[in-house]
> 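Have a look at this one.
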Amino acid sequence: MEASLVPGTVKYSNVTDQQEHEIDCDYAEVIDSSRYIYDVYHRETIHHAEQILSGGEFLPECRHRYSTAIIVPYRDRQDQLAAFLNYIHNYLRHQLIHYRIFVVEQSDHKPFNRAMLFNIGAKVAVSYGYPCLILHDVDLMPLNSGQIYACSASPRHMSSALDWWRFHLPYRTLFGGVIAITSLQFQEINGMSNLYYGWGGEDDDLFERLDVSGIHICRFDPAYSEYTMLKHKQETPNKNRLALLRAASVRMNIDGLNTLRYKEVERRMHSLFTHILVET
Ligand code: UDP
Ligand code: MN
C-alpha cells in the first residue's frame, strides 16, 4: 500500500534543519500496525501538545516523506471542532507525517459553501508549499490508525466505511467526507465549484470533474477506512443542486480556482490550527 503513496515534502526557505533526522520514518510499520484507536485515551485529552507548532503544524522526529495540509470547512460547530482537533492531533502523531491543520471559516450569513471553503484552503495550503491536500469534514473521525493521511497516486476517498451508512458505500461514486488529493490534481481540475450554497451536490460535482478529466479515484480496504460521524441536524438542502450538477462538466473550466473571489477577514495562528476567516 505504501508504494502507491506520493512522496512530497515542504521545503521552507527559512528553516535549515528540517530534514536533519538520520532515520527515515517507518510508514510500513504505521500501516501494518493499524488498529482501532478511537478510544477514550485518544479522544479526551491532547497528548504531547508541546510538540505541536503554532498554527497546528507537526513534524515527526524522523525523516518524513509526506507533507499534508488538512483543510476543514467550518462554521458554527464549536463542539465538533474541539472534539476533532483533540482527536486528530493524537491520531496523526502516530502516523509520522508532517502536517498542518487549516480551518477555513465562513463568516458571512449566506448559506454554507463547503466547496468554496475548500478552494480557499487549497489556495492557502499551496502558498505554504503543501503538495498534498486532505479535504476533511469536521465531524468525521478516522477509527483505524493506518488510514495514512498522505496522498495516493489517485485521489482517494478515505471515509468510505462510515458508521452512518452502516460501514457500506451507499453509491459507487460517493466522494464526500474525507478526500486526499494532490495539490497538482486539484489544480488540474480547477478545484471545486464556487456555486454550491447550501447542502449537497458539491461532492458529486467534484467526482464529475475528475471523471471527465480521466482521473480515477481509489479507496483503501474498508478495514482502513472506517469513520464515525458526530451527530448533528441535517442542513437545509440547496434546491439548485441538481441543476448545477447536470452542468458540472461544461462549467468546470469557468467555475473554480480560476474564478475564486473572497475576502480574507483574518488569518490567525492558534496552538492547534491555522484559522482562516473569510467572506464568500
Ligand atoms: N459545515 C459546518 N457548518 C455548517 C454546515 C457544514 O461547519 O453549518 C461543515 C462541517 O465541516 C461539516 C461539513 O461542512 O462536517 C459537511 O456538512 P454536513 O456535516 O452537514 O454534511 P453531511 O453530514 O450531510 O455530509
Ligand atoms: Mn456531517
Side-chain angles (χ1 to χ4, degrees), residues 38 43 56 69-89 91-92 100-122 124-125 133-143 147 149 157-181 191-207 219 225-242 244-245 262 265-266 270 272-280:
Y38 191 62
R43 281 196 319 253
I70 293 147
I71 303 170
V72 182
Y74 174 79
R75 182 169 73 186
D76 193 23
R77 291 205 187 183
Q78 230 179 320
D79 294 348
Q80 291 191 350
L81 181 61
F84 175 76
L85 290 168
N86 217 345
Y87 177 64
I88 209 74
H89 279 295
Y91 176 91
L92 289 173
R100 181 178 184 130
I101 314 264
F102 295 90
V103 173
V104 189
E105 179 175 5
Q106 183 173 339
S107 70
D108 58 65
H109 297 286
K110 296 179 205 168
F112 193 69
N113 191 332
R114 179 174 174 271
M116 189 166 165
L117 299 181
F118 280 138
N119 282 344
I120 295 167
V124 174
L133 312 173
I134 291 190
L135 314 177
H136 210 305
D137 280 3
V138 75
D139 56 8
L140 292 178
M141 309 288 176
L143 303 182
Q147 174 60 282
Y149 273 52
H157 185 216
M158 296 172 70
S159 55
S160 56
L162 193 57
D163 61 351
W164 184 252
W165 297 110
R166 297 201 180 93
F167 298 107
H168 283 82
L169 257 193
Y171 58 101
R172 194 185 55 82
T173 62
L174 178 71
F175 203 58
V178 185
I179 301 295
I181 184 168
M192 293 177 78
S193 168
N194 297 308
L195 304 180
Y196 288 82
Y197 279 92
W199 180 91
E202 82 292 346
D203 46 355
D204 297 319
D205 188 294
L206 170 62
F207 182 84
R219 298 187 176 93
S225 310
E226 292 172 345
Y227 279 72
T228 186
M229 187 166 88
L230 304 179
K231 282 206 173 56
H232 61 77
K233 65 171 175 49
Q234 161 75 50
E235 301 291 341
T236 311
N238 168 11
K239 287 199 182 68
N240 216 0
R241 68 189 191 282
L242 296 177
L244 282 168
L245 190 53
Y262 66 99
V265 178
E266 189 174 282
H270 290 258
L272 300 181
F273 64 102
T274 298
H275 186 201
I276 300 154
L277 191 65
V278 298
E279 279 169 19
T280 64

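As the structure lists them, so they are numbered: ligands from 1, and atoms in each ligand from 1. We count residues from 1, following the sequence as given. A quick note: this is a predicted structure, and the numbers were derived from the prediction, not measured.
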> Which parts of the protein, at residue level, reach under 4.0 Å of ligand 1 through a heavy atom?
Pro73, Tyr74, Arg75, Arg77, Phe112, Arg114, Asp137, Val138, Asp139, Trp199, Met229, His232, Glu235
> How about Glu226 and Tyr38: do any of their side-chain heavy atoms sit closer than 4.5 Å?
no
> Do Leu245 and Tyr196 have side chains that approach each other closer than 4.5 Å (heavy atoms only, starting at C-beta)?
yes
> If you measure from CG on Leu140 to CH2 on Trp164, what distance do you get to the nearest 0.5 Å?
11.5 Å
> What distance separates Arg114 CZ from Leu135 CG, expressed to the nearest 0.5 Å?
7.5 Å
> For the Mn ion (ligand 2), what is the closest N, O or S atom on Asp139?
OD2
> Any Lys/Arg nitrogen of Arg77 or Glu235 sitting under 4.0 Å from an Asp/Glu carboxylate oxygen of the other?
yes
> Just to verify, which of Tyr91, Phe273, Tyr149, Phe118 counts as forming a ring-ring contact (aromatic ring centres under 6.0 Å, His included) with His136?
Tyr149
> Could you tell me the angle subtended at the Mn ion (ligand 2) by SD of Met229 and NE2 of His232, rounded to 10°?
100°
> Hey, mind stepping through Asp137 and Tyr227 against side chain to side chain donor-acceptor pair (under 3.5 Å) and telling me if it holds?
CA-CA 11 Å; Asp137 280 3; Tyr227 279 72; over 6 Å; no
